[in-house]
Amino acid sequence: MAYDTFLSDRISHFFQNENVFFIEKKMFGGLCFMINDKMCVGVIKNEVMARIDPGIYEESLTKTGCNTMNFTGKPMKGFVFLSNEAIDLDENLYYWLQLALEYNPKAKSSKKKL
């Protein structure tokens, strides 16, 4: 499964401008941006996956182009998919990236495999 490299470049540019250290990691058939060893955002096909505060999850779903992330067959609270309608302009994309970045310090890390 390929991912939109132009979109991943836009995300990289945002994090670089914010002086945020990130690691790009290929996973889920796309590209994930890891911050503080935690999944922050990703690009899957032509959509952005964002990990946001579960406290604003329901409200966020009412915004244009924001949809539930249901990789496992059920929605994952705090994870959203953003279609082009939500991220077409840089200011719109940056809004969602900022939300993910703000939540990152509170997000739980995945358990490390030994």
Side-chain angles (χ1 to χ4, degrees):
M1 183 185 312
Y3 61 89
D4 184 331
T5 56
F6 177 71
L7 186 51
S8 67
D9 288 345
R10 288 173 65 201
I11 294 170
S12 292
H13 181 74
F14 171 80
F15 288 139
Q16 289 167 355
N17 282 347
E18 295 294 314
N19 293 316
V20 174
F21 176 76
F22 63 94
I23 296 172
E24 294 180 357
K25 195 173 201 179
K26 290 187 179 183
M27 58 173 55
F28 307 122
L31 186 68
C32 184
F33 292 81
M34 306 289 289
I35 296 175
N36 299 320
D37 292 324
K38 296 180 255 181
M39 187 179 343
C40 185
V41 297
V43 179
I44 300 172
K45 294 185 182 181
N46 63 345
E47 290 187 308
V48 170
M49 179 281 303
R51 186 177 189 186
I52 61 172
D53 189 330
I56 62 167
Y57 174 76
E58 295 295 333
E59 176 190 341
S60 295
L61 291 175
T62 66
K63 298 188 183 297
T64 301
C66 181
N67 302 294
T68 59
M69 180 178 149
N70 57 358
F71 252 12
T72 61
K74 65 179 184 171
M76 296 175 66
K77 191 169 184 173
F79 290 85
V80 294
F81 275 136
L82 305 164
S83 69
N84 191 49
E85 295 170 318
I87 56 171
D88 56 345
L89 300 174
D90 283 344
E91 66 188 54
N92 295 340
L93 174 63
Y94 295 171
Y95 166 81
W96 292 104
L97 296 178
Q98 190 62 47
L99 285 180
L101 196 56
E102 288 170 6
Y103 179 64
N104 185 264
K106 298 180 255 179
K108 291 184 181 179
S109 274
S110 299
K111 292 183 180 177
K112 300 211 185 231
K113 296 181 181 174
L114 300 176

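Just so you know, these numbers come straight off a predicted model, no measurement behind them. Every heavy atom of this structure was used, including side-chain atoms; hydrogens, water molecules and symmetry mates were not.
Distance OH/Tyr95 to CG/Leu82: 10.0 Å, rounded to 0.5 Å. In this structure, CG on Asn46 lies 12.0 Å from OG1 on Thr5, to the nearest 0.5 angstrom. Rounded to the nearest 0.5 Å, atoms CE (Met27) and CE (Met34) are 5.0 Å apart. Atoms CG and OG, from Asn67 and Ser60 in turn, are 11.5 Å apart once rounded to the nearest 0.5 Å. Once rounded to the nearest 0.5 Å, the distance linking CG of Leu31 with CG of Leu7 reads 10.0 Å. In this structure, the separation between CG on Leu61 and CZ on Phe81 is 12.5 Å, given to the nearest 0.5 Å.
In terms of heavy atoms, Ile52 sits closest to Tyr57 at CD1-CA, 4.2 Å. Residues Tyr3 and Ser8 share a closest heavy-atom pair of CE1-OG, 3.9 Å. When all heavy atoms of Cys66 and Ala86 are compared, the closest pair comes out as N-CB, 4.4 Å. Smallest separation of non-hydrogen atoms from Asn92 and Trp96: O-CD1, 3.1 Å. Scanning all heavy atoms of the two residues, the minimum distance from Lys38 to Ser109 falls at CG-OG, 3.2 Å. In plain terms, the two heavy atoms of Ala100 and Val41 that are nearest each other are CB-CG1, 3.5 Å.
Using a 4.5 Å cut-off on side-chain heavy atoms (C-beta onward), Phe22 and Ile11 make no contact. Taking the side chain as every heavy atom from C-beta outward, Glu102 and Asp53 never approach each other to under 4.5 Å. Considering only heavy atoms from C-beta on, Tyr103 stays 4.5 Å or farther from Ile56 through its side chain.
For the side chain to side chain contact (heavy atoms under 4.5 Å, CB included) with Glu91, the lone residue among Asp88, Leu89, Ile87 that qualifies is Leu89.
Criterion: ILVMFWY side-chain heavy atoms under 4.5 Å apart, direct or through other members. Under it, Val20 and Leu93 are part of a common hydrophobic cluster.
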Verdict with reasoning, Arg51 to Phe33, per side chain to side chain contact (heavy atoms under 4.5 Å, CB included): CA-CA 11 Å; Arg51 186 177 189 186; Phe33 292 81; over 6 Å; no
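Of the possible polar contacts, one joining the Asn104 side chain to the Ile35 backbone as a donor-acceptor pair under 3.5 Å is found.
Judged as a salt bridge (charged side-chain N to carboxylate O under 4.0 Å, His left out), the pairs with a partner in residues 4-31 (not counting sequence neighbours) are, in order, Arg10-Asp90.
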